[in-house]
Structures are given as C-alpha cells and as structure tokens.
Amino acid sequence: MFRALADCNNFYASCERALDPSLVGVPIVVLSNNDGCVVARSAESKALGIPMGAPYFQVRRLCEAHGIRVFSSNFSVYGEFSERVMSVLTEHARDIEAYSIDEAFLGFPDMPDADARALGLRIREDVLRRTGIPVSLGMGATKVLCKLANERAKSDKASGGVIVVPSDAAGREAFLRGLPVGSVWGVGPGLAARMRAHAILTAADLATADASLVRRFAGVVGERLALELRGVACHEIVEEASQRKSVMVTRSFGRPVSDSSELEEAVAAHAARAAEKLRQEGLMASAVIVLLRTDKHRPEAPQHRVDESEPLEPPTDDARAVCSAASRALARSRRDGVQYKKAGVLLLGLLPSASAQMTLPGLTPGADPGRERLMKAVDALNARLGRDAVRLASTGFERKWKAKSEMRSEAAKEAEGEAPTAPAKAPKPRIRFHE
DNA sequence: TCTGGGGTCCTAGGACCC
DNA sequence: TCTGGGGTCCTAGGACCC
C-alpha cells in the first residue's frame with residue numbers, strides 16, 4: 001500500500017494570505033494564544049530569521065524593522081480552511097486520516113511507484129486552486145517515511161512540493177542516508193541521545209539496525225520506528241476517529257492573577273467551555289481536574305503548580321455541574337497571595353452520552369428533563385448569536401484575566417462571522433482534529 | 001544464598017507530537 | 001513588562017486477585 005502525507009505549508013500564515021491576497025509576497029507571522037509565541041511564519045519571515053516558537057517580545061523589533069505583518073491567531077477561521085482542504089483531499093484518496101489541523105495521511109492501495117509523483121502533483125494543484133492553501137506531499141510505504149519525505153518536499157525547491165520514497169530497499173536507503181536520526185518523526189531529544197549512544201546516527205542506521213536490539217534500549221516505540229523506516233507499516237491509516245479520552249481547556253492570563261474571584265471566574269469560564277465541547281461531541285465526563293500554574297519564567301516569585309481532581313457523579317455534560325465541581329476543586333487547591341499565570345480544566349473518564357444514560361439507571365442525567373433542554377437551548381442561542389451570548393453568571397462579565405489577542409486580522413474577523421455564506425463546501429469529512 | 005507466578009487495573013510521569 | 005494550548009502513548013510501580 002502506498003501512503004502519503006499531505007501537509008499544508010505555513011498553514012496559519014497561508015490562511016491569512018488566502019483571506020487577503022494583498023499579503024502575497026509580504027512576510028507574515030502568526031502568534032499563539034495570548035500573543036505569546038510565533039506559531040507560523042511565511043517563507044519570507046523564515047528567510048528573515050524569525051525562529052519557530054520564538055517569544056514575540058524577543059523578535060518584535062526584528063518584525064518592525066522588516067515590516068513583517070504580525071497577526072494574533074484566529075483558530076475558528078483556520079479550522080474552516082482545514083475542513084475545506086480535507087474535503088478536497090478526500091476526493092483523491094481511498095483512505096484519509098486527518099492527523100492534525102493542517103495535515104492528513106492518505107492511502108492508495110495498488111499504486112505503482114511510477115504513478116505516485118504525478119498523482120502527488122495533481123493533488124497539490126487541486127488543493128491550491130480550490131482553497132488557496134499550498135500543500136506539500138511526502139509519499140512512501142509507511143507513515144514515518146511519508147513524514148520524512150514531506151519534510152524534504154518542503155525544503156527542496158526543485159521537488160515541486162512532492163517527494164516519493166522509492167519502495168525498493170536500495171532506493172529507500174539512499175533516501176535515508178545522511179538524515180540525522182533526530183529528524184525522524186517520533187524521535188525526540190531523549191530518544192535521539194540514546195540512539196546516538198548506540199552508534200545510530202542517521203535514519204539509515206536506524207533502518208538497518210537489529211530491531212530486537214533497538215527494542216532493548218528504545219522500547220517498542222523505537223522498534224516500530226526502525227521497522228517503519230525499512231518499509232514495514234506499524235501505524236495504519238485510521239479513518240474512524242477514535243473516541244477521545246480527555247477534553248482540556250487552559251489559557252494563560254493576560255497578566256498574573258491572585259484575586260480569588262478572578263480565578264473563580266476564569267476556571268468557571270474554562271469549565272463551561274469544556275462542557276460545551278463535551279456536548280458538541282455527544283460525550284459525558286466522570287471527573288474534572290483543575291490546573292493552576294504560576295509563572296515558571298519568574299523563579300524568584302512563589303511557585304505553585306497543582307492538579308486537583310473532583311468526581312462528576314453521575315457523569316455529565318451540564319455546564320452547571322462541571323462548573324460547581326471545578327469550583328470545589330479550585331477552592332481546595334488555590335493558595336492565598338500566589339500570583340497565577342495560567343488556569344485550566346481537564347475532563348476525564350469520557351463516555352458517550354447514550355451509554356452514560358443506559359448504564360446508570362436511576363442516576364441518568366436525562367432524568368432531569370429540564371437539564372438537557374436547557375443546555376440545548378443555550379448551545380442553539382450561542383450558535384446563532386455568537387459564543388458566550390448566553391452564559392453562566394459565574395463565568396464573569398469583566399474577564400479582566402483574559403489573554404491578549406490584539407492583532408487579529410480584519411479579514412479573519414469578517415470570515416469568522418460569515419460561516420453560513422462561506423463558499424459551498426463538500427460534505428464534512430468524518431475526521432478527527434487534534435486542533 | 002534463598003523470598004511463587006501470573007494476571008489486571010489504576011495512576012503518575014516521561015516523551016513526543018502538532 | 002512580554003515566554004501557547006491540546007493531545008496521545010508507553011512504562012513503571014503499587015494494589016489486588018487467584
């Protein structure tokens with residue numbers, strides 16, 4: 001089976017550019033939540049030396065000096081672009097797994113090597129024409145090989161955005177030779193160091209190493225990587241979204257927060273948002289964990305990090321139940337006078353709403369007939385009038401703790417409101433997002 | 001010197017990813 | 001002054017069981 005990884009180039013920056021064609025050729029940077037770090041750069045910004053992940057305050061002057069256009073991120077808009085890209089991709093492959101917001105694995109059974117490149121170029125062309133987003137394709141026998149090929153497709157201008165790893169051993173090895181082992185997908189700094197200690201320096205070294213030996217010092221994870229590199233697929237393309245295991249909502253504050261009512265408000269807001277995600281996906285949660293973090297970049301200030309859990313009995317997707325449980329956990333974990341930098345809510349023990357009701361007779365959340373109708377009404381109103389048009393009072397109105405997002409593009413703000421009139425879309429692919 | 005041998009389930013923490 | 005957010009998988013170790 002031939003596989004491919006289609007990965008959007010500089011995805012968030014490309015979205016901003018697709019919305020505003022006057023940005024073509026202009027260096028662009030997109031910032032993370034809270035306008036903290038650089039999370040996307042156009043090719044021009046990369047060439048100007050803006051590093052990925054750099055804290056914005058460190059590169060601000062460089063941006064100003066070169067006229068780089070800087071944008072706060074607008075994830076709901078990027079999510080819509082993602083759906084369009086995915087729906088085009090589904091037309092080209094039998095199997096598709098949307099792996100993240102900007103990349104998808106594709107499966108092509110029974111395709112000869114000779115046809116791969118032409119197909120890759122066609123896909124690239126079609127996605128660009130219909131969505132305005134440039135993608136690169138890496139093709140090969142396994143996901144790990146596709147990933148490496150994709151990286152090269154991005155860096156090698158002569159590739160035309162498509163690289164195919166040959167399926168014969170000699171061609172594969174030639175491709176892997178010289179690639180540092182740390183550049184292999186799944187080999188982080190820790191594994192890379194262990195590999196090097198065993199004289200495995202390149203991807204080719206790992207591909208030809210004895211698998212059981214690799215297993216001894218790098219575990220099953222390392223063994224699978226070695227097999228994938230020699231063309232033995234250990235990671236299939238997964239089309240059905242597996243049921244997710246947790247829902248997390250965390251945000252840094254715009255400034256340090258110690259005031260208890262502000263913390264209450266922030267935690268309630270995150271809890272309500274998490275419950276909303278549950279309802280969107282037809283899930284109930286059995287426990288909530290509240291996270292508090294101080295600023296680790298200020299070691300001189302009192303530090304405190306805590307994950308405090310509280311059961312949800314019975315399992316629920318009701319914003320009120322989640323908020324009050326979160327509030328109890330917060331009350332136990334918060335320390336007076338400590339300045340927190342971040343708060344979050346994690347929901348665990350997820351199960352489908354239907355099964356939650358079936359397996360808990362007498363305790364069914366649906367036993368409160370008003371509950372479900374109320375939450376449905378809230379969701380419907382917010383869908384029509386905008387997020388938080390209707391909300392729990394405990395989630396606050398001032399929201400002084402809110403993160404910064406001062407540089408959203410006008411184009412993205414407009415696009416955000418126009419969902420119903422967005423360009424006609426193919427039916428939504430049934431895919432998962434890791435956001 | 002020597003301490004049974006499997007199992008399962010749960011949790012915490014590490015590692016990695018986008 | 002200013003440093004993101006949201007996930008998954010694996011492993012080790014403890015509790016408990018036959």
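Letters A, B, ... are given to chains in the order of the sequence lines, protein chains preceding strands, and every chain is numbered from 1. Keep in mind the model is a prediction, meaning the values are calculated, not measured. Computation of the quantities below employed the complete heavy-atom set of this structure, encompassing side-chain atoms and omitting hydrogens, waters and symmetry-equivalent molecules.
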Taking DNA chain C as the partner, which of [range] come within under 4.0 angstrom of it by heavy atom?
range: residues 38-54 of chain A; answer: none
range: residues 286-309 of chain A; answer: A/H297
range: residues 247-266 of chain A; answer: A/V247, A/M248, A/V249, A/T250, A/R251, A/S252

Among C/dG5, C/dG4, C/dT3, the one nearest A/K342 by side-chain distance: C/dG5

Of the nucleotides B/dC16, C/dG5, C/dT3, which has the atom closest to the A/L191 side chain? B/dC16

So do the side chains of [X] and [Y] get within less than 4.5 Å of each other, counting heavy atoms only?
X: A/K143; Y: A/E97; answer: yes
X: A/L346; Y: A/V247; answer: no
X: A/L283; Y: A/L350; answer: yes
X: A/Q339; Y: A/V257; answer: no
X: A/L176; Y: A/L145; answer: yes

Quick one: is [X] getting a side-chain N or O under 4.0 Å of the [N] phosphate, OP1 or OP2?
X: A/R60; N: C/dC2; result: no
X: A/K147; N: B/dC18; result: yes
X: A/K277; N: C/dG5; result: no

Counting any heavy atom closer than 4.0 Å, what does [X] reach on the DNA or RNA strands: base, sugar-phosphate only, or nothing?
X: A/D102; value: sugar-phosphate
X: A/S73; value: nothing
X: A/V59; value: nothing

Sidechain N-carboxylate O distance under 4.0 Å for [X], [Y]:
X: A/E281; Y: A/R244; result: yes
X: A/R293; Y: A/D307; result: yes
X: A/D379; Y: A/K376; result: no
X: A/R399; Y: A/D388; result: yes

Restricting to nitrogen or oxygen on both sides, can you table the protein-nucleotides 8-11 of chain B pairs closer than 3.5 Å?
none

d([atom1], [X]; [atom2], [N]) in whole Å:
X: A/N34; N: C/dG6; atom1: CG; atom2: C1'; result: 16 Å
X: A/R61; N: C/dC2; atom1: CZ; atom2: P; result: 18 Å
X: A/E64; N: C/dC2; atom1: CD; atom2: P; result: 18 Å
X: A/K143; N: B/dC16; atom1: NZ; atom2: C1'; result: 15 Å
X: A/N33; N: B/dC18; atom1: CG; atom2: C1'; result: 14 Å
X: A/R244; N: B/dC18; atom1: CZ; atom2: P; result: 18 Å
X: A/E228; N: B/dC16; atom1: CD; atom2: P; result: 17 Å
X: A/E97; N: B/dC17; atom1: CD; atom2: P; result: 16 Å

Using the salt bridge (charged side-chain N to carboxylate O under 4.0 Å, His left out) criterion, which residues pair with A/E103? Sequence neighbours excluded. A/K147

If you take any heavy atom closer than 4.0 Å to DNA chain B, which residues from residues 207-224 of chain A end up in contact? none

Strictly by ring-ring contact (aromatic ring centres under 6.0 Å, His included), give each pair with a member in residues 292-351 of chain A just once, sequence neighbours left out. A/H304-A/Y340

Just grab all the ring-ring contact (aromatic ring centres under 6.0 Å, His included) pairs involving residues 250-270 of chain A, residues at least two apart or on different chains. A/H270-A/W401

Flag the pair A/F75 / A/Y12 as yes when their ring centroid distance falls below 6.0 Å, and as no otherwise. yes

Want to settle it: does A/K404 or A/Q243 sit nearer the 5' end of DNA chain C, counting the closest nucleotide to each? A/K404

Any side-chain donor near an acceptor of the partner, [X] and [Y], under 3.5 Å:
X: A/D35; Y: A/S72; answer: yes
X: A/S212; Y: A/D210; answer: yes
X: A/S136; Y: A/D7; answer: no

Which residues pass the side chain to side chain contact (heavy atoms under 4.5 Å, CB included) test with A/A149, not counting sequence neighbours? A/I163, A/V165, A/F175

Results of side chain to side chain contact (heavy atoms under 4.5 Å, CB included) for A/A271 - residues two or more places apart only: A/V322, A/C323, A/A326, A/V345

Reading DNA chain C 5' to 3', what string of ( ), [ ], | and . shows its pairs, if Watson-Crick and G-U wobble pairs count only when both distances fall under 3.5 Å? ....||||||||||||||

Could you work out, with ring-ring contact (aromatic ring centres under 6.0 Å, His included) as the rule, every residue matching A/H198, not counting sequence neighbours? A/F217

Mark yes or no: A/R60 above the aromatic ring of A/Y56, with NZ or CZ under 6.0 Å from the six-membered ring centre and no more than 45 degrees from the axis. no

